[in-house]
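Values below: all heavy atoms of this structure, side chains included; hydrogens, waters and symmetry mates excluded.
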Number of protein chains: 2
Amino acid sequence: MSPRRSYDQYCSAARALDVLGDRWTLLIVRELLAGPRRYTDLHTDLPGVSTDVLASRLKDMERDGLTTRRRLPPPGAAYVYELTGRGRELLPVLQALGEWGAALLTERRPTDAVRAHWFALPLLRCLAGLGDGVVQVRLDEGEFYVRLGAQDGPVYGEGPAPEEPDARLSLDAESCTALGRGDLMLLDAIRDGRIAVAGEGPLAKALREA
Amino acid sequence: MSPRRSYDQYCSAARALDVLGDRWTLLIVRELLAGPRRYTDLHTDLPGVSTDVLASRLKDMERDGLTTRRRLPPPGAAYVYELTGRGRELLPVLQALGEWGAALLTERRPTDAVRAHWFALPLLRCLAGLGDGVVQVRLDEGEFYVRLGAQDGPVYGEGPAPEEPDARLSLDAESCTALGRGDLMLLDAIRDGRIAVAGEGPLAKALREA
DNA sequence: CGGCATCCGTGACGATACTG
DNA sequence: CAGTATCGTCACGGATGCCG
């Protein structure tokens, strides 16, 4: 079970850490921000987490109202874990953490795992305010999509978007980290050709012409 | 020493959690956001932290560039710990955590510790944009001050402000949590008399008249 | 095979005692 | 006052086994 060990402080940040402070919890939230995932998906995308800790965290998070467990309709009837509304409200927390940690994201160590959708979080800020629509992003490591201007704030997902995207971006991971660190401006990178833009909708035009 | 156990992920949020994810680390940052503190001050304001863990965290945080250790000039020559610029950049992280955790801050449990300056974090957002100056805040639990419009963003501190404040607020902890949760608007609370405003400067007038 | 539960070794944590 | 030393306990990581 979860932190039987509360900080016992009448402080909202301490209360948040009572729920979120355990190892792996916030990284599981980061995974689920990219959409519903099965237990095995979570286990393979979080190398190093042991099976019992993952199961324990998922139980705690469900009890704390962060996630729900749902059975997928057949075929492929499996359980998936997904965030509740309350869980999705953690997006600003992960954005703040990611922004602070961007300065630490220098070289890639040989032991570092990489997943494409981990770059969606820093890209959300860069793309905010450019208009509404779905942007499909392709990296060497994989692809993900970003839904801008959604009613519950922008959301994103792993893999190809379920609907036809309004614009397609192709770039490399290095440019992605530079964007997140603020060393590179999105529109500069498009002008330089470090980011390729495809698509004919207004969102694609806005990205190319601005 | 600190997380020898890295998550080993090429992701800025995971990198941040490598540094910040240990128990007590972010709460020590919260304490130091209120100004430099001695070891004993930290130990008494963080009930439950053991002496060796506190010492270990402070070493790790200094090594990771979050804090510095400085000897105070006599009299009272003691060591104080204070945040570096990099450490102060964690303010948005704690604000995001506090905002999310505000929903969990309901009744005060009998085991909960309270410190007045823990309420400074949520109040910063409420006071932002009302102008520049120093606001002294008095609660039953103690007092703190908030410096609005500072060059490095607003900062705050425990106890009375070192300079003469531009406005003085008196309120109770319940109103403070309601403000942080968004259930109560600052100017409404002033009109209702739940917050008393003293002072003659333009900031005090702005608080009373808006 | 996906979804855990069990067992075990190691290390982190919490409480107390002690020292410069 | 500012930590270090010691020790019991628990959480974590890794491997394996069970069960639908």
Specify the separation, in whole Å, of atom [atom1] of [X] and atom [atom2] of [N].
X: B/D45; N: D/dA2; atom1: CG; atom2: P; answer: 13 Å
X: B/L46; N: C/dG14; atom1: CG; atom2: C1'; answer: 14 Å
X: A/D41; N: C/dC4; atom1: CG; atom2: P; answer: 13 Å
X: A/L58; N: C/dG3; atom1: CG; atom2: C1'; answer: 11 Å
X: A/R71; N: C/dG2; atom1: CZ; atom2: P; answer: 16 Å
X: B/R37; N: D/dG3; atom1: CZ; atom2: P; answer: 15 Å
X: B/D22; N: C/dG14; atom1: CG; atom2: P; answer: 10 Å
X: B/L27; N: C/dG14; atom1: CG; atom2: P; answer: 11 Å

Side chain proximity check, B/V93 to A/V93, heavy atoms < 4.5 angstrom |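 When only atoms from C-beta onward are counted, A/V93 and B/V93 do not touch, as no gap falls below 4.5 Å.
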
Any side-chain heavy-atom pair from A/P165 and A/R147 closer than 4.5 angstrom?
-> no

Report yes if a side-chain nitrogen or oxygen of [X] is closer than 4.0 Å to either non-bridging phosphate oxygen (OP1 or OP2) of [N]; otherwise report no.
X: A/K59; N: C/dG3; answer: no
X: B/R57; N: C/dC13; answer: yes
X: A/Y81; N: C/dC4; answer: yes

Test: [X] and [Y] ion pair at under 4.0 Å:
X: A/D64; Y: A/R86; value: no
X: B/E82; Y: B/R37; value: no
X: A/D22; Y: A/R5; value: no

Side-chain donor/acceptor pairs under 3.5 Å, residues 128-137 of chain A, sequence neighbours excluded:
from   : atom 1 : to     : atom 2 : distance (Å)
A/Q136 : OE1    : A/A161 : N      : 2.8
A/Q136 : NE2    : A/E143 : OE1    : 3.2
A/Q136 : NE2    : A/F144 : O      : 3.3
A/Q136 : NE2    : A/G159 : O      : 3.2

Distance only, no hydrogens: is a donor on one side chain within 3.5 Å (strictly under) of an acceptor on the other, for A/W100 and A/Q95?
-> no

Assess the side chains of B/R30 and A/Q9: does a donor N or O sit below 3.5 Å from an acceptor N or O?
->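 On atom types as modelled, these side chains qualify, holding a pair under 3.5 Å.
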
Tell me, please, whether B/Y79 has B/R69 positioned over its six-membered ring: NZ or CZ under 6.0 Å from the ring centre and within 45 degrees of its axis?
->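 Yes, B/R69 sits over the ring of B/Y79.
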
Terminal axes of the helix from C/dC1-D/dG20 to C/dG20-D/dC1 (5 end pairs apiece), angle rounded to 10 degrees, sit apart by 30°

Going 5' to 3' along nucleotides 13-20 of chain D, which nucleotides have protein heavy atoms under 4.0 Å from the base (write B), which only from the sugar-phosphate (write S), and which from neither (write -)?
-> BBB-----

